[in-house]
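Report on the structure given below.
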Amino acid sequence: MKNRFGVEVMHGLLVLFGKLPLKFHYGLSKVTTWAVGRMLHYRKDVVYINLARAFPEKKYWELDLLVKEFYRHFGEIIAEAVWFSASDDRRLREQRICTVTNPEVLAKVYAESPGVMLMTSHCGNWELLGGIRSYNDRPEYDEVFNPDHFYIAYKEQSSHLWNEVLKKTRVAPIPGFKGLVETKDVLRFILRRRGEKGIYVFIADQSPYAAKTEVGDFMHQHAYGMVGSFGLAHKLGMAVVYSKMVRTERGHYDITFVPLVEDASKHEPEEIMKLYFKELEKELAATPANWLWTHKRWKN
């Protein structure tokens with residue numbers, strides 16, 4: 001009862017604060033950026049080491065600029081997370097915080113496949129993905145962006161209270177969205193629905209926390225990845241699509257779909273995983289401050 005009361009109180013406060021305009025939250029993000037980056041130096045050594053190794057050609061002053069740009073982006077992600085805790089379909093549409101640049105690509109793959117593994121990363125603001133229906137402004141593609149067949153895998157938080165609070169607010173959920181699936185339940189969840197067509201969203205760029213598979217060179221460093229979601233796509237003959245999320249300006253992201261394979265059963269899971277990391281590497285080269293550099297991605 002105590003936990004349930006705490007969850008409702010914390011969620012209520014988040015929603016109440018989130019109702020304020022996004023511009024207000026961006027104003028506060030300047031304070032967040034200063035506190036996290038300059039006062040607390042949150043994982044600043046990790047950020048510098050990751051960037052220096054990923055971009056060995058950059059000079060010191062270029063790395064300094066990248067670090068500042070990253071922490072500004074980090075502060076804005078936090079601002080957006082609070083704002084969308086009180087968002088609904090209408091609010092996300094009116095704000096136009098995301099634009100799907102090529103919905104026809106996902107629609108074609110979805111129509112021709114038994115299901116789609118939509119592989120994304122910690123680029124842009126990944127927590128906005130639950131509102132994807134709101135970002136499509138072309139009615140002919142409403143079916144592919146139907147939230148009833150969109151499922152998003154997430155990792156459970158170590159704190160029970162925060163896990164329950166975030167389940168109510170994370171990934172910009174629209175009212176009634178039931179597509180959040182905890183990673184430990186994903187395998188059973190998908191296999192139970194193997195006769196139903198769905199789009200399953202996975203974030204696949206974090207350091208492996210279970211079984212790991214060699215990626216090889218990724219951003220000038222030896223890396224390992226998690227092959228589980230790619231293995232599921234292989235087993236079920238799904239299409240695999242990479243989802244780019246690029247911050248084009250404050251308060252706006254472009255989402256672009258890049259098909260990796262049309263039928264994963266014809267490719268080894270490790271091969272598809274390496275295609276994913278190649279696309280991610282291209283994205284990081286083009287927009288280096290757009291990734292979550294505080295992650296200890298290469299700790300293994």
Got a list of side-chain donor-acceptor pairs under 3.5 Å for residues 254-264, not counting sequence neighbours?
residue: D254; atom: OD1; partner: H252; partner atom: NE2; Å: 3.2
residue: T256; atom: OG1; partner: T101; partner atom: OG1; Å: 2.7
residue: D263; atom: OD1; partner: S265; partner atom: N; Å: 3.0
residue: D263; atom: OD1; partner: S265; partner atom: OG; Å: 2.6
residue: D263; atom: OD2; partner: S265; partner atom: OG; Å: 3.2

request  = Name all residues meeting the salt bridge (Lys or Arg N to Asp or Glu O under 4.0 Å) criterion together with D185; count only those two or more places apart in sequence or in a different chain, and write none if there are none.
outcome  = R188

request  = Kindly say whether the aromatic ring centers of Y224 and H222 come within a distance under 6.0 Å.
outcome  = yes

Residues K282, E279: salt bridge by 4.0 Å N-O rule = yes

inquiry  = Centroid separation under 6.0 Å, is that true for the rings of F74 and W293?
reply    = no

query = Under a 4.5 Å side-chain heavy-atom rule over Ile, Leu, Val, Met, Phe, Trp and Tyr, are L180 and F84 clustered together?
reply = yes

query = For the side chain of S113 and the backbone of M238, is there at least one donor-acceptor N/O pair under 3.5 Å apart?
reply = no

All ring pair (Phe, Tyr, Trp, His ring centres under 6.0 Å) counterparts of Y48, not counting sequence neighbours = none

Closest contact, heavy atoms only, P147 versus R133 = CD-CD, 3.5 Å

request  = Would you mind checking if K108 and E112 are paired as a salt bridge, meaning a charged N to carboxylate O distance below 4.0 Å?
outcome  = yes

key: Y110 and E143: side chain donor to acceptor below 3.5 Å   = no

inquiry  = Salt bridge check, E94 against R90: does any charged N sit closer than 4.0 Å to a carboxylate O?
reply    = yes

request  = Count the heavy atoms of every other residue, nucleotide or ligand shown that sit under 6.0 Å from CZ of R38, and state whether that count exceeds 12.
outcome  = no

ask   = Salt-bridged, D64 to K68, with N to O below 4.0 Å?
value = no

ask   = Hey, do the aromatic rings of H267 and H234 have their centres closer than 6.0 Å?
value = no

inquiry  = Can you see whether F55 has K58 sitting over its ring - NZ or CZ less than 6.0 Å from the centre and within 45° of the normal?
reply    = yes

request  = Examine the side chains of E80 and Y253 and answer whether a donor and an acceptor come within less than 3.5 Å of each other.
outcome  = yes

